[in-house]
Trainee: 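Structure provided below as structure tokens; questions to follow.
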Amino acid sequence: MINITLPDGAVRQYESGVTALDIAKSISEGLARKVLAAKVNGQVVDATRPIKEDSTLQLLTWTDTDGKATMWHSSAHLMAEALEALYPGVKFGYGPSIETGFYYDIDLGDRTISDEDLKKLEAKMVELAKQNSAYQRKEVSKADALQYFSTKGDEYKVETINELQDGAITFYTQGGFTDLCRGPHIPNTSFIKAIKLTNIAGAYWRGNEKNKMLTRIYGVTFPSQKELDEYVTLIEEAKKRDHRKLGKELELFTFSEKVGLGLPLWLPKGAMLRERLQSFMQKAQLESGYLPVVTPHIGSKQLYVTSGHYEKYGKDSFQPISTPEEGEEFLLKPMNCPHHCEIYKSSPKSYKDLPVRLAEFGTVYRYEQHGELHGLTRVRGFTQDDAHLFCRPDQVKEEFIKVIDLVLYVFRSLDFTDYTAQISLRDKEDRSKYIGSDENWQLAEQAIIESAAEKGLNTVVEYGEAAFYGPKLDFMVKDALGRKWQLGTIQVDYNLPERFELEYIGADNQKHRPVMIHRAPFGSLERFVAVLIEHCAGKFPLWLTPTQVKVLPISDKSLIYAEKVAELLKKAEIRAEIDDRNEKIGKKIREAELAKIPYMLVLGEKEATDGVVAVRRQAKGDLGTMPLEQFIGLVNDEVVNRRPFE
RNA sequence: GCUGUUGUAGCUCAGGGGUAGAGCACUUCCUUGGUAAGGAAGAGGUCGUGAGUUCAAUUCUCAUCAACAGCUCCA
């Protein structure tokens with residue numbers, strides 16, 4: 001007999017060799033019907049694997065992330081089975097589960113597959129799922145594994161097996177399909193009730209652009225049709241939040257082929273929104289001891305040779321522009337830090353002067369590959385809320401923590417709660433991508449890790465995500481469609497001070513090297529606005545929104561009163577507009593609602609007579625009448641406290 | 001940059017070998033209307049661009065540009 005400890009702490013006894021599924025059945029049949037996989041001693045395994053020693057056990061169902069992942073991974077196998085049935089000879093790459101759903105990379109040879117084919121494939125999957133095929137695990141020797149896939153002619157699997165250790169290779173078979181797989185899998189295909197294949201895309205074999213491009217089919221499955229319907233609704237809602245769509249509708253920004261790809265044009269409403277964000281940041285920075293600086297949009301090529309940017313990105317950047325006579329070369333600035341280093345150097349510094357915090361909304365230009373451009377989130381010209389802190393080594397941590405505080409203050413002020421703090425470190429294998437000594441990197445990494453820990457940040461570590469001159473603490477958020485973007489970033493840098501030979505005179509009257517902290521809480525204004533739009537679905541908080549109040553006279557008869565009200569609102573520094581068109585009130589309201597104007601004042605003869613305003617709140621409706629002063633007080637309160645829209 | 005899909009009016013989209021259509025927006029007139037679309041008339045497009053096939057191309061073919069999805073990249 002063995003002891004099984006359940007999540008609630010209860011310990012039950014079972015025969016050795018019992019499976020998680022057996023245990024589930026012993027608890028209740030209903031539970032057993034829902035079990036997708038099991039976590040035994042912290043490891044996710046098949047619910048049908050025998051347990052032979054005392055263990056802790058958690059039964060995984062659809063509500064567990066690992067349960068979903070197992071189901072989706074099994075769904076990838078089901079899709080592979082369907083593919084093989086419909087397209088004999090198809091070869092398979094990788095087929096993992098992802099955050100929502102799964103994909104499988106396949107090689108169809110000369111054939112192509114279209115969106116219409118996905119319907120057939122879905123139908124085949126449904127048909128196969130109904131056969132209740134069990135997912136059967138089998139341990140195989142490396143030789144046998146190679147033999148199987150060589151015979152089958154699947155070179156991708158052969159390549160994968162060649163890199164595996166003998167003795168650690170398993171196959172899973174369901175129905176007539178066998179795949180190389182570590183597992184785990186759901187007990188059988190009947191759990192997969194609703195299937196949606198979402199899209200087809202190309203993907204390089206093993207993610208390397210030098211390799212052959214395979215066809216990737218994405219899909220998602222659910223335990224019932226109801227959940228699939230909910231998912232479809234969710235996707236539709238997300239699409240409505242897309243900042244590219246809302247940016248157009250709300251007249252915030254536009255693009256022009258003639259101006260150039262990835263070069264956003266800010267329309268008046270968007271520009272004003274941007275300016276408000278800038279003033280907000282400037283105020284916060286002034287309070288935190290930052291000093292403003294302004295630098296030009298171009299800099300001598302030599303500047304970037306010194307910084308190392310030229311060597312690293314020179315050929316993948318906009319190429320230098322040169323003077324007509326002398327042929328001097330200048331680069332559009334891709335970074336503000338070299339300029340700021342030169343500002344630091346413009347006067348000798350004492351240890352008493354540090355830290356020096358130089359801030360600039362610096363517009364930078366980077367060549368991004370054509371296929372990378374994406375709305376405002378990935379552009380070729382953008383403005384960073386950049387600053388560089390030059391400090392003594394003993395000040396690094398304190399400064400770093402203050403910057404974290406600032407970033408968190410910004411996020412809080414804008415109601416951003418869903419973000420992750422990512423510690424971006426060097427690639428473990430390839431160190432050639434980075435400049436500077438190991439010692440400096442270790443110091444920088446340590447400063448970041450310690451500061452993040454001290455602030456109690458929830459962090460994830462990502463290797464290979466560091467900048468070439470130093471590690472970063474990146475604040476990541478997701479867009480409406482679940483794509484992850486880096487917003488704020490804080491970087492510790494021991495390398496640029498060396499390259500620029502930055503110095504200060506210490507208390508010992510000797511020259512010392514300062515440490516630099518690069519930081520941008522918004523990251524770029526473009527990306528930040530994009531994410532903000534999606535975050536609030538275009539319903540900006542009152543302090544940011546372009547038009548705060550729309551004054552709606554019911555007819556010409558109340559026009560004079562309405563104009564007076566609009567005038568008084570403007571005097572109170574409230575962004576008010578009047579809709580004096582010859583239209584019915586219903587239409588004016590509808591349009592203001594669709595434009596997501598937070599407040600509407602409906603003014604007719606009654607209000608004019610009583611000297612009050614009838615207030616309507618976007619999406620909420622009529623709030624009744626009140627004196628204008630009271631309404632102004634309401635608006636000011638909402639603005640001062642930076643309340644979110646709802 | 002790579003693979004795939006798409007490109008028709010300011011916007012959203014229909015159509016299809018014989019030189020184009022809807023809704024919204026816009027203009028004018030009528031209407032002075034009380035909390036999400038009042039009525040009528042009108043204006044607006046060489047169907048992304050360039051070639052080819054054809055008596056004839058916006059429609060078919062090719063190239064090119066751009067957008068979208070994914071991959072790769074991201075100081």
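First the proteins, then the strands, lettered A, B, ... as listed; each starts at 1. For clarity, every value in this text was computed on a predicted model and none was experimentally measured.
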Trainee: Report which part of the nucleic acid A/Thr215 touches: base, sugar-phosphate, or nothing (heavy-atom distance under 4.0 Å, all strands).
Mentor: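 No contact at all - A/Thr215 keeps every heavy atom at 4.0 Å or more from the nucleic acid.
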Trainee: When you match A/Glu209 and A/Ala467 each to their closest nucleotide on RNA chain B, which lands nearer the 5' end?
Mentor: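 Per heavy-atom nearest nucleotide, the more 5' residue is A/Glu209.
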Trainee: Quick one: are the ring centres of A/Tyr599 and A/Phe631 less than 6.0 Å apart?
Mentor: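 Yes; A/Phe631 has its ring centre under 6.0 Å from that of A/Tyr599.
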Trainee: Can you tell me how far P of B/U27 sits from CD of A/Glu583, to the nearest Å?
Mentor: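 Whole-Å distance recorded here is 10 Å.
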Trainee: Is the base of B/C2 touched by the side chain of A/Glu372 through a donor-acceptor pair closer than 3.5 angstrom?
Mentor: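 For A/Glu372, whose side chain was compared with the base of B/C2, there is no donor-acceptor pair (under 3.5 Å).
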Trainee: Taking atom P in both B/C47 and B/A57, compute the distance separating them and give it to the nearest angstrom.
Mentor: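 Comparing P positions in B/C47 and B/A57 gives a spacing of 12 Å.
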Trainee: Could you tell me whether A/Leu86 atom CG has more than 12 heavy atoms of other residues or ligands within 6.0 Å of it?
Mentor: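 More than 12 within 6.0 Å, yes.
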Trainee: Just the rounded figure in Å: distance from C1' of B/U3 to NZ of A/Lys210.
Mentor: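 One finds 18 Å between C1' of B/U3 and NZ of A/Lys210, rounded.
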Trainee: Write down the partner of B/U46 under the Watson-Crick or G-U wobble criteria, each distance required to be under 3.5 Å.
Mentor: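 Pairing partner, where one exists within any strand: none, as none qualifies.
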Trainee: Using a 4.0 Å heavy-atom cut-off, does A/Tyr103 contact any base of the nucleic acid, only the sugar-phosphate backbone, or nothing at all?
Mentor: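 Nothing: the residue A/Tyr103, judged by heavy atoms under 4.0 Å, touches no strand.
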Trainee: Examine distances only and state if a side-chain atom of A/Arg519 and a backbone atom of A/Asp385 form a donor-acceptor pair shorter than 3.5 Å.
Mentor: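 Yes, the answer is positive, given that a donor and an acceptor are paired below the 3.5 Å cut-off.
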Trainee: Can you sort out which residues in residues 557-565 of chain A have a heavy atom within less than 4.0 Å of RNA chain B? Ascending by number, please.
Mentor: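 Those residues whose heavy atoms fall under 4.0 Å from RNA chain B, taken from residues 557-565 of chain A in numerical order, are A/Lys557.
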Trainee: Classify the ring geometry of A/Phe390 against A/His388: parallel below 30°, tilted from 30° to 60°, perpendicular beyond 60°.
Mentor: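 It falls in the tilted class, 30° to 60°.
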Trainee: Are any of the side-chain nitrogens in A/Asp242 or A/Lys239 under 4.0 Å away from the carboxylate oxygens of its partner?
Mentor: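 Here A/Asp242 does not pair with A/Lys239 in a salt bridge, since their nearest N and O are not under 4.0 Å apart.
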Trainee: Can you check the A/Tyr104 OH to B/G70 P distance for me, whole Å?
Mentor: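 A/Tyr104 atom OH is separated from B/G70 atom P by 22 Å.
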Trainee: Can you confirm whether A/Glu501 is buried at CD, in the sense that more than 12 heavy atoms of other residues, nucleotides or ligands lie under 6.0 Å from that atom?
Mentor: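 Not buried by this count: 12 neighbours or fewer within 6.0 Å.
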Trainee: Evaluate the criterion side-chain contact (heavy atoms from CB on, under 4.5 Å) for residue pair A/Leu331 and A/His309; output intermediate values, then yes/no.
Mentor: CA-CA 11 Å; A/Leu331 283 172; A/His309 288 98; over 6 Å; no
Trainee: Is the shortest side-chain N/O distance from A/His374 to OP1 or OP2 of B/C68 below 4.0 Å?
Mentor: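 Negative; the distance criterion is not met.
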Trainee: If B/G7 has a Watson-Crick or G-U wobble mate with both distances under 3.5 Å, name it; if not, just say none.
Mentor: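 Result: B/C65.
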Trainee: Determine the contact category for A/Asp556: base if any of its heavy atoms lies under 4.0 Å from a base atom, sugar-phosphate if only primed atoms, P, OP1 or OP2 are that close, otherwise nothing.
Mentor: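 If one applies the 4.0 Å heavy-atom cut-off, A/Asp556 turns out to touch a base.
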Trainee: In whole angstroms, how far is the P atom of B/G70 from the CG atom of A/Leu118?
Mentor: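 One finds 15 Å between P of B/G70 and CG of A/Leu118, rounded.
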Trainee: Between atom CG in A/Leu623 and atom P in B/G34, what is the gap in whole Å?
Mentor: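 Checked: the CG to P distance equals 20 Å.
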Trainee: Which nucleotide, in any strand shown, forms a Watson-Crick or G-U wobble pair with B/C60, with both distances under 3.5 Å?
Mentor: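 B/G52 is the nucleotide pairing with B/C60.
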Trainee: Taking only side-chain N and O atoms of A/Arg244, does any of them lie within less than 4.0 angstrom of OP1 or OP2 on B/A69?
Mentor: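 For B/A69, OP1/OP2 do have a side-chain N/O of A/Arg244 under 4.0 Å.
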Trainee: Nearest whole Å is fine: how far is B/G70 C1' from A/Lys212 NZ?
Mentor: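 Going from A/Lys212 (NZ) to B/G70 (C1'), I get 18 Å.
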Trainee: Could you check how far NZ of A/Lys312 sits from C1' of B/C73, rounded to whole Å?
Mentor: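 Rounded to the whole Å, the gap is 11 Å.
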Trainee: Rounded to whole angstrom units, what separation is found between the CG atom of A/Leu250 and the C1' atom of B/A25?
Mentor: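 After rounding, the reported distance stands at 16 Å.
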Trainee: Looking at B/C71, which nucleotide sits across from it as a Watson-Crick or G-U wobble partner, both distances under 3.5 angstrom, or is there none?
Mentor: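 For B/C71, the partner nucleotide comes out as B/G1, under the 3.5 Å rule.
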Trainee: Looking at B/C73, does its base get a donor-acceptor pair with the side chain of A/Arg378 below 3.5 Å?
Mentor: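 When only heavy-atom distances are counted, A/Arg378 does reach the base of B/C73 through a donor-acceptor pair under 3.5 Å.
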Trainee: Which class fits the ring pair A/Trp441 and A/Tyr434: parallel under 30°, tilted 30 to 60°, perpendicular over 60°?
Mentor: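 A/Trp441 and A/Tyr434: perpendicular rings.
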Trainee: Any ion pair linking A/Arg499 and A/Glu311 (charged N to carboxylate O, less than 4.0 Å)?
Mentor: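 Between A/Arg499 and A/Glu311 there is no salt bridge, as every charged N stays at least 4.0 Å from the carboxylate O atoms.
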Trainee: Indicate the ring-plane relationship of A/Tyr367 and A/Phe318, choosing parallel, tilted or perpendicular according to the 30° and 60° boundaries.
Mentor: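 Geometry flag for A/Phe318 against A/Tyr367: perpendicular rings.
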Trainee: Let me spell it out: for each of A/Arg216 and A/Ile554, pick the nucleotide of RNA chain B with the closest heavy atom. Which residue's pick is nearer the 5' end?
Mentor: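 Closer to the 5' end of RNA chain B: A/Ile554.
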Trainee: Check each residue of residues 586-607 of chain A for a non-hydrogen atom within less than 4.0 Å of any atom in RNA chain B, then write out the ones that pass by number, or none.
Mentor: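 When residues 586-607 of chain A is checked for heavy atoms under 4.0 Å from RNA chain B, the hits, listed by number, are A/Gly586, A/Lys587, A/Ile589, A/Arg590, A/Glu591, A/Glu593, A/Leu594, A/Val602, A/Gly604, A/Glu605, A/Lys606, A/Glu607.
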Trainee: Can you tell me the Watson-Crick or wobble partner of B/G21, both distances under 3.5 angstrom?
Mentor: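 Answer to the pairing question: B/C13, which forms a Watson-Crick or G-U pair with B/G21.
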Trainee: Please work out if A/Arg616 contacts a base, only the sugar-phosphate, or nothing of the nucleic acid, heavy-atom cut-off 4.0 Å.
Mentor: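 Base contact.
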Trainee: Using side chain to side chain donor-acceptor pair (under 3.5 Å) as the criterion, point out the one residue from A/Gln302, A/Gln319, A/Lys301 that pairs with A/Glu329.
Mentor: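 Result: among A/Gln302, A/Gln319, A/Lys301, A/Lys301 is the only option passing the side chain to side chain donor-acceptor pair (under 3.5 Å) with A/Glu329.
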Trainee: Under 3.5 Å for both donor-acceptor distances, Watson-Crick or wobble: does B/A41 have a partner, and if so which one?
Mentor: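 Partner of B/A41: B/U27.
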Trainee: Ignoring backbone atoms, test whether A/Arg483 places a side-chain nitrogen or oxygen under 4.0 Å from the OP1 or OP2 oxygen of B/A69.
Mentor: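 Yes, because at least one side-chain N or O of A/Arg483 sits under 4.0 Å from OP1 or OP2 of B/A69.
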